[in-house]
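Contents: one structure, followed by commentary.
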Amino acid sequence: MLCQAFHFALMEVESCHPVFTPLYHTASFIGCWVGPRQPITNHSPLLLQVGMATGWGSLLQDEQQLEELARQAVDRALAEGVLLRTLQEPSSSDVVSYAPFTLFPSLVPSALLEQAYAVQMDFNMLVDAVSQNAAFLEQTLSSTIKRDNFTARLFNIYKQVLKEGIAQTVFLGLNRSDYMFQRNADGSPVLKQIEINTISASFGGLASRTPAVHRHVLNVLSKTKEAAKILSNNPSKGLAQGITKAWELYGSANALVLLIAQEKERNIFDQRAIENELLAKNIHVIRRRFEDVFEKGSLDQDRRLFMDGQEVAVVYFRDGYMPSQYSVQNWEARLLLERSCAIKCPDIATQLAGTKKVQQELSRMGVLEMLLPGQPETVARLRATFAGLYSLDMGEEGDQAITEALAAPSQFVLKPQREGGGNNLYGEEMVQALEHLKDSEERASYILMEKIEPEPFGNCLLRPGSPVRVVQCISELGIFGVYVRQGKTLVMNKHVGHLLRTKAIEHADGGVAAGVAVLDNPYPV
Ligand code: ADP
Ligand code: MG
């Protein structure tokens with residue numbers, strides 16, 4: 001899901017960073033892909049001169065220059081508000097540091113960037129369709145919930161809410177679809193989805209502040225043309241627009257937005273970026289933990305939600321996607337929130353729609369056609385981004401997948417139903433797990449996925465306390481999507497920006513929060 005790479009709950013101060021004009025228009029109504037305002041498909045002659053088919057070439061050779069550039073980049077990042085709370089003091093903003101980032105923006109083929117943007121509204125519709133299809137969710141998750149307690153508990157809440165009747169009438173999706181660039185046999189890169197995060201998709205706030213940092217680095221090098229190619233980006237603004245629309249449709253001028261927060265939140269500045277956007281529209285946000293909801297949350301006879309006596313219009317989860325985040329009381333609190341008519345982002349069905357098991361079933365022949373009937377072009381755009389995904393349910397199909405993975409372990413990833421990074425198994429670890437699982441029904445709580453192998457490139461990953469050195473890296477591109485549905489009518493469906501995260505190739509898994517990936521910007525080529 002979102003972000004264990006992000007799961008340290010990550011972070012913001014908005015008034016200190018300049019606002020850039022977004023390069024991409026975001027469509028404000030359904031199905032409208034407007035495309036880039038200026039072409040991003042040009043190859044820059046300057047870049048090609050310095051040997052930049054996959055990287056920054058000779059710029060990476062001069063150690064002294066890299067160190068000086070890094071000092072400048074870090075100071076600019078701090079000035080822009082690219083911030084995290086520290087590991088030592090995750091609940092306090094007294095001492096903060098910069099969020100890790102790359103020294104240079106990483107090269108991304110413009111065509112793949114455009115493809116990822118173009119398919120985002122399709123993914124929004126798909127997630128929304130899955131969340132409304134109780135029969136599909138029930139059938140898809142039936143084997144998983146027998147063996148995976150966390151998914152089972154979420155599913156239980158879903159069933160309880162269905163049985164009582166869903167009080168919520170407006171639905172808000174804030175998601176992020178993540179991709180890597182698979183190297184084709186002929187060497188060309190292809191966009192392949194890693195996963196879609198339907199809960200707590202993070203870094204939309206910090207991602208708006210990193211373009212200025214990379215422009216700064218390139219300007220220091222007098223590469224002003226290259227600096228101008230760094231795309232502007234403001235996901236938190238778009239995410240806040242979604243929340244605003246939902247809040248308006250809820251229709252109670254004094255109602256609040258309730259942000260479900262973790263006690264220890266290193267990524268607070270990322271979250272504040274959204275809060276700041278809302279406050280500027282006079283929409284007030286209160287931050288509370290599940291524990292607070294358990295103690296002070298209540299429903300009235302119409303199932304309106306109240307916190308500390310104030311009505312809540314929208315509940316925005318930045319917690320609640322991992323088993324460790326739920327005590328018995330927290331599960332009670334989640335149930336209370338789900339039973340209410342407040343607009344949950346996401347509601348429990350949409351969280352389930354983001355599970356790895358659902359992702360795997362969506363790749364099965366005929367499933368997209370069933371969920372999105374009469375939309376063959378949408379189906380084709382979605383399917384083009386799917387990597388190989390395999391069920392491990394008991395039976396011949398699962399046996400076959402296990403045999404193939406054991407025969408070529410480097411080509412597969414074993415994934416449990418978890419979010420937040422660091423849970424997947426690769427290589428020898430995957431082999432051992434498969435040997436152990438293969439005769440047990442427990443294997444149904446996992447899926448197998450084709451391993452994406454992007455072309456590595458050189459960059460420096462800047463982290464507090466770490467020396468500046470060039471390492472071989474790969475990137476993961478995320479596109480933020482927003483939709484709002486009122487009853488059966490989709491009233492908003494758009495993409496609202498991107499996130500590029502880059503990590504050293506020696507790490508198979510893990511995100512920014514896990515200390516593996518760092519923030520980056522696409523340099524379109
Ligand atoms: P999570 O919900 O924990 O974020 P992901 O599916 O995003 O789970 O996997 C975590 C990380 O593992 C990704 O950010 C990516 O670096 C790596 N990864 C996941 N799936 C693949 C894959 N199919 N091929 C290569 N790397 C992968
Ligand atoms: Mg992920």
Side-chain angles (χ1 to χ4, degrees), residues 1-10 100 106 123 148 150-151 154 175-183 189-204 267 317 320-325 346 351-360 362-363 385-390 392 401 404-405 408-427 429-430 445-456 461 472-480 498-520:
M1 117 164 182
L2 47 143
C3 23
Q4 168 123 337
F6 305 103
H7 96 262
F8 52 8
L10 309 180
S106 296
F123 271 115
D148 186 75
F150 180 61
T151 313
L154 293 172
N175 64 56
R176 199 189 67 226
S177 182
D178 291 338
Y179 306 89
M180 281 185 176
F181 313 119
Q182 168 82 316
R183 201 173 3 171
V190 186
L191 190 76
K192 289 294 166 192
Q193 188 184 47
I194 295 295
E195 63 156 351
I196 189 158
N197 303 290
T198 61
I199 179 169
S200 293
S202 64
F203 287 113
N267 208 14
F317 290 101
Y321 48 87
M322 300 201 298
S324 60
Q325 294 165 339
Q351 182 171 356
L352 289 168
T355 54
K356 311 278 191 284
K357 183 65 192 175
V358 166
Q359 181 187 6
Q360 172 258 302
L362 290 174
S363 75
T385 68
F386 288 176
L389 288 149
Y390 310 94
L392 291 182
E404 283 178 29
S410 65
Q411 292 171 27
F412 293 87
V413 185
L414 181 62
K415 296 191 171 188
Q417 307 307 309
R418 290 291 175 273
E419 301 295 333
N423 301 298
N424 302 332
L425 298 173
Y426 305 80
E429 268 189 316
M430 179 190 76
S445 65
Y446 293 80
I447 62 152
L448 259 183
M449 186 172 181
E450 169 195 4
K451 184 157 188 270
I452 308 305
E453 298 279 3
E455 173 92 48
L461 310 183
Q472 286 300 298
C473 303
I474 54 174
S475 295
E476 183 168 348
L477 172 70
I479 305 291
F480 289 94
H498 55 268
L499 168 72
L500 193 73
R501 291 172 293 160
T502 294
K503 65 177 184 183
I505 49 174
E506 60 257 33
H507 297 286
D509 205 292
V512 180
V516 172
V518 308
L519 302 175
D520 197 350

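As the structure lists them, so they are numbered: ligands from 1, and atoms in each ligand from 1. Reckoned from all heavy atoms, side chains included, excluding hydrogens, waters and symmetry mates. Position 1 is the first residue of the sequence, and the numbers go up from there.
- The closest approach between G421 and ligand 1 falls below 4.0 Å for a heavy atom of the residue.
- Residue Q182 forms a side-chain hydrogen bond (donor to acceptor under 3.5 Å, both in side chains) with just one option from E455, E450, K451, and that option is E450.
- Shortest non-hydrogen contact noted between T355 and L352 is OG1-O, 2.8 Å.
- Residue-ligand proximity: H507 is placed with every non-hydrogen atom at 4.0 Å or more from ligand 1.
- Using a 4.0 Å heavy-atom cutoff, I194 is listed among the residues neighbouring ligand 1.
- Counting the atoms of ligand 1 from 1 in the order shown, those under 4.0 Å from a heavy atom of D509 are 10 (C), 11 (C), 12 (O).
- For ligand 1, the polar-atom distance check against I452 finds a nitrogen or oxygen pair separated by under 3.5 Å.
- If you look at R418 next to ligand 1, the close heavy atoms, those under 4.0 Å, all belong to the backbone.
- Put simply, the side chain of Q360 does not reach to within 4.5 Å of the side chain of Y390, judged on heavy atoms.
- Taking all heavy atoms of E195, Q193, M449 into account, the minimum distance to atom 4 (O) of ligand 1 is reached by E195.
- Across all their heavy atoms, I505 and C473 have their closest contact at CG2-C, 4.0 Å.
- For A517, the heavy-atom gap to ligand 1 stays at 4.0 angstrom or more.
- When heavy-atom distances to ligand 1 are checked against a 4.0 Å cut-off, Y426 comes that close only through its side chain, counted from C-beta outward.
- The shortest distance between side-chain heavy atoms of F123 and I196 falls below 4.5 Å.
- Checking E195, R418, M449 one by one against K356, the side-chain contact (heavy atoms from CB on, under 4.5 Å) holds for a single residue, E195.
- Of all the heavy atoms of N424, the ones lying under 4.0 Å from any atom of ligand 1 belong exclusively to the side chain.
- Residues D148 and K357 are not paired through a salt bridge, judged by the lack of any N-O separation under 4.0 Å between the basic side chain and the carboxylate.
- Proximity of L519 to L499: side-chain heavy atoms (C-beta onward) are separated by under 4.5 Å at one or more points.
- Closest N/O/S atom of E195 to the Mg ion (ligand 2): OE2.
- Heavy-atom contacts of A508 reach the following atoms of ligand 1: 12 (O), 16 (O), 17 (C) (cutoff under 4.0 Å).
- The closest approach between a heavy atom of K356 and any atom of ligand 1 is below 4.0 Å.
- Residues P456 and R183 form a side-chain contact, since some pair of their non-hydrogen atoms from C-beta on lies under 4.5 Å apart.
- Only the backbone of E450 comes within 4.0 Å of ligand 1, counting heavy atoms alone; no side-chain atom from C-beta on gets that close.
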